[in-house]
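One structure below.
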Amino acid sequence: MSFLWVAAEGICALSANKLRNFLMMLGMIVGVALLAVIMAVGKGTQQKVIKRVDTWPIRVIKVNAGGGKGYTRPQAGVATLKLEDADAIRDRIRGWDLMLCVAEKRGLPMKFGSRQCQADVFAVEPTYCEMQSWPVQEGEEIGTEDIRTMARVCVVGTTLAKTLFGEDNPIGEYIYIGKVRFRVKGILKSRGIGPGGTDSDNRALIPLTTGMRRLFNQGYISYVRVRMKSVAAVPNAVKTIRQLLRKRHHISPPETDDFSIVTAKQIAEVARGISRTLTAVLVALAGLSLLVGGVVMMNILLISVAERTKEIGLRRALGATQHAILVQFLTEALSVTLIGMTLGAALGWSVSVALRRYTPVITETAWEPFALVIPFALLFGVAFGVHPARRAARLHPVEAMR
Amino acid sequence: MIELEAVEKAYGSGSTEALVLKGISFRVEAGEYVAIMGASGTGKTTLLNILGCLDKPTGGHYRLEDTDVVSLDDDALSHLRNRKIGFVFQMFHLLERTKALKNVMLPLIYAEEYPDDAEERAKKALTSVGLADRIQYKPGELSGGQQQRVAIARALITDPAIVLADEPTGNLDRRSGLEVLAIFRRLQQEGRTIIVVTHDQAVAEHAGRILLLSDGAIAHDRPVAEPRDAEAELASLPKEDRR
Ligand SMILES: Nc1ncnc2c1ncn2[C@@H]1O[C@H](COP(=O)(O)OP(=O)(O)OP(=O)(O)O)[C@@H](O)[C@H]1O
Ligand SMILES: [Mg+2]
């Protein structure tokens, strides 16, 4: 028996009934396309995470007001974190080289002349620009003197500057934040869209003291950033800060923290955890659709065997061994899975590209689905093709030809 | 060539067992042209299936060219069918969506080695049954007689020693039937063994010997003194009837 010619018979059978073969392939197409998209999204997300993790300065510890797990922002209106806490940290932690306290309020009304808008206001210490590696492009930063005198001065982001001043130079002008008048003394460099999807340039920086006493009228801050001299010092510092704050806030087990500590390592873990769960769910979905596709294919093949009983009998009568019939139908199943899965991978590729182009979903098209097609097609083709193929092979020639 | 000894065939088992062939013995020498006759349901097809190694007897012995067929396994039987036997079925049994040429080539796929000249051979076989101009036609585009001749060409493609035909003219008009019988005569002259099942006395008389089957046993086994000549009968048909 010539294996190749028998296999060719199986492939020839494919072109005979196009609708049926399309139906057989559908499950494979959908399943693999889904897998390909998942991989692309997974890869895209991973790269985004890596970027995020990369931009997080590894020596920095952020202490947010308000509890919660994982990478949380400071919770608005939570009054647990005080300047005294920051002072305590300053005194107790060894090995830090930069500290920054920030009180933030999002979406405050801004006004210049008749122009109005909303922007995020950050009441900061002079260390802000260095800590955030975010210098001014024009004018001056918030200085020590501003803090001491509770000066009503501000540094604006480029978006805010543009909204209020258009093309005019804002430096030296006076704007209203809420009901308080501030003199613009600097413009921050542009940073674009932040990781949360908000415009980081739509902001104003004001002195911490001015912010707390004159604008926000509050005794608490939003977060403290501590930059250690070395990465190695971070874990111990985190431990000390946690113990210190729990003691200061009179928190004892089983009560949970009323603050949260964020480090580079933690961000990486959380991000990885999220993408892992997401991937697991989606992979399960894709697997399910592949499984359903496999079962559909098996049933259509069984119908096909039943319909072609006479043909199978004839082939047997003309000298086809059981093995030859088995090979023919397995080839048919394998072709269906192989073609279906290749189409699926191509479809997944196209969808990934379309997602990247027309939606905010970040995808990174992967070559892996194409490489996986062959082992997957083999696996599914054999797993779901062997039963119909054996049924075909076991037909008795005389009975089958009746 | 062919030797049957007390061959039995029973269908079913236990209380529903039905003995269809009840001890059949005969020999067919190489190059013989034999017709098997009998009423409907007497076991002609059953016997032919056994002769063609499509089915095994439930009793007795069957020797084909010194091979004990009863002892062979399924694979060996398949190979034997492919190499030694050419089948012509009553209902043609052609692949509908497949062109005549491919239909004829089908047995070669299952040959031990696929010949390089497969297509040439198929064309030659089709030419020999007078269908040289119908090579690319599908069965649905052919007449019954033409379909039967495609089926004969398919039976001949492996150059079998034995050609078995079950009611090869049953579905054909007189002219097509005679054309088929003329081909059989030529095959016999080439030295092949021909066994034809028919219920038509006139068809049977083209053979050199007639076996009459009755109730699963051989009732008569007699030679035909003067076999009919299909070629001559074709020539004597009215002219306008000719294609
Ligand atoms: N697979 C089977 N199972 C049970 N009985 C069968 C089977 N095949 C054939 N028979 C029985 O065996 C007997 C002979 O059948 P067979 O087909 O050989 O007859 P036949 O001589 O070819 O008849 P016909 O001239 O009508 O074709 C019939 O009575 C039939 O019912
Ligand atoms: Mg019959």
Side-chain angles (χ1 to χ4, degrees), chain A residues 1-22 24 300-301 303-332 335 389-402, chain B residues 9 11 20 45-56 72-99 102-116 118 138-139 151 154-158 160 164 166:
Chain A
M1 176 193 90
S2 156
F3 184 86
L4 280 179
W5 288 97
V6 171
E9 287 297 296
I11 293 167
C12 281
L14 279 182
S15 57
N17 195 331
K18 297 199 174 63
L19 177 68
R20 169 189 291 175
N21 287 308
F22 176 71
M24 281 206 270
I300 295 181
L301 274 177
I303 294 169
S304 160
V305 167
E307 249 177 30
R308 283 150 68 187
T309 301
K310 270 208 164 67
E311 176 200 323
I312 295 161
L314 171 73
R315 287 175 187 274
R316 294 278 281 123
L318 297 180
T321 55
Q322 295 196 3
H323 181 69
I325 300 294
L326 191 80
V327 167
Q328 178 183 333
F329 277 85
L330 266 185
T331 309
E332 197 174 327
S335 312
R390 275 166 79 155
R391 182 172 287 187
R394 283 188 183 157
L395 286 172
H396 191 279
V398 173
E399 316 267 301
M401 277 183 74
R402 273 173 192 282
Chain B
K9 179 69 185 179
Y11 285 113
V20 176
T45 299
T46 306
L47 177 59
L48 202 68
N49 286 342
I50 287 172
L51 288 174
C53 305
L54 274 171
D55 216 348
K56 277 197 201 178
L72 294 181
D73 66 8
D74 192 90
D75 279 3
L77 284 177
S78 300
H79 291 137
L80 203 58
R81 287 199 291 274
N82 189 260
R83 252 182 306 135
K84 292 257 162 70
I85 295 161
F87 269 105
V88 180
F89 306 98
Q90 184 171 8
M91 306 298 292
F92 315 145
H93 279 293
L94 298 171
L95 298 182
E96 281 310 316
R97 290 180 226 261
T98 310
K99 289 174 180 168
K102 285 272 166 164
N103 259 299
V104 172
M105 286 161 71
L106 195 57
L108 294 180
I109 289 169
Y110 305 111
E112 224 143 349
E113 209 170 318
Y114 190 80
D116 296 330
K138 289 180 182 168
R154 182 181 61 195
L156 298 179
I157 189 82
T158 52
L164 303 176
D166 195 354

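Computed from a predicted structure; not experimentally measured. Below, read A as the first sequence line, B as the second, and so on, with proteins coming before strands; counting in each chain starts at 1.
- Contacts of residues 394-402 of chain A with chain B at a heavy-atom distance below 4.5 Å involve A:H396, A:P397, A:V398, A:M401, listed in sequence order.
- The environment of OH in B:Y11 is crowded: more than 12 heavy-atom neighbours from other residues, nucleotides or ligands sit within 6.0 Å.
- Considering CG of B:D73 and CD of A:Q322, their distance stands at 9.5 Å, rounded to 0.5 Å.
- Atom-to-atom distance recorded for A:L318:CG and B:L54:CG is 9.0 Å, nearest 0.5 angstrom.
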Derivation and outcome, side-chain contact (heavy atoms from CB on, under 4.5 Å), residues B:E96 and A:E311: CA-CA 10 Å; B:E96 281 310 316; A:E311 176 200 323; over 6 Å; no
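- How far OH of B:Y110 is from CD1 of A:I325: 5.0 Å, rounded to the nearest 0.5 Å.
- Within 6.0 Å of CZ on A:R20 lie more than 12 heavy atoms contributed by other residues, nucleotides or ligands.
- Nearest heavy atoms, A:R315 versus B:L95: NH2-CD1, 3.6 Å.
- Comparing B:T45, B:D55, B:L77 by heavy-atom pairs within less than 4.5 Å of chain A, the highest count is held by B:D55.
- Rounded to the nearest 0.5 angstrom, B:T98 OG1 and A:E9 CD are separated by 7.5 Å.
- The candidate with the highest count of non-hydrogen atom pairs below 4.5 Å against chain A, out of B:G86, B:S78, B:P107, is B:S78.
- In this structure, the side chains of A:L314 and B:R154 come closer than 4.5 Å at one or more pairs of heavy atoms.
- Chain B is approached within less than 4.5 Å, heavy atom to heavy atom, by A:K310 from residues 303-310 of chain A, ordered by number.
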Criterion side-chain contact (heavy atoms from CB on, under 4.5 Å) on B:D74 and A:T321, from CA distance to verdict: CA-CA 7 Å; B:D74 192 90; A:T321 55; 5.6 Å; no
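- When heavy atoms are compared at a cutoff of 4.5 Å, B:R83 does not approach chain A at all.
- The 12-atom threshold is exceeded at NZ of B:K56, counting heavy atoms of other residues, nucleotides or ligands nearer than 6.0 Å.
- Residue B:D75 touches chain A through both its backbone and its side chain, counting heavy-atom pairs closer than 4.5 Å.
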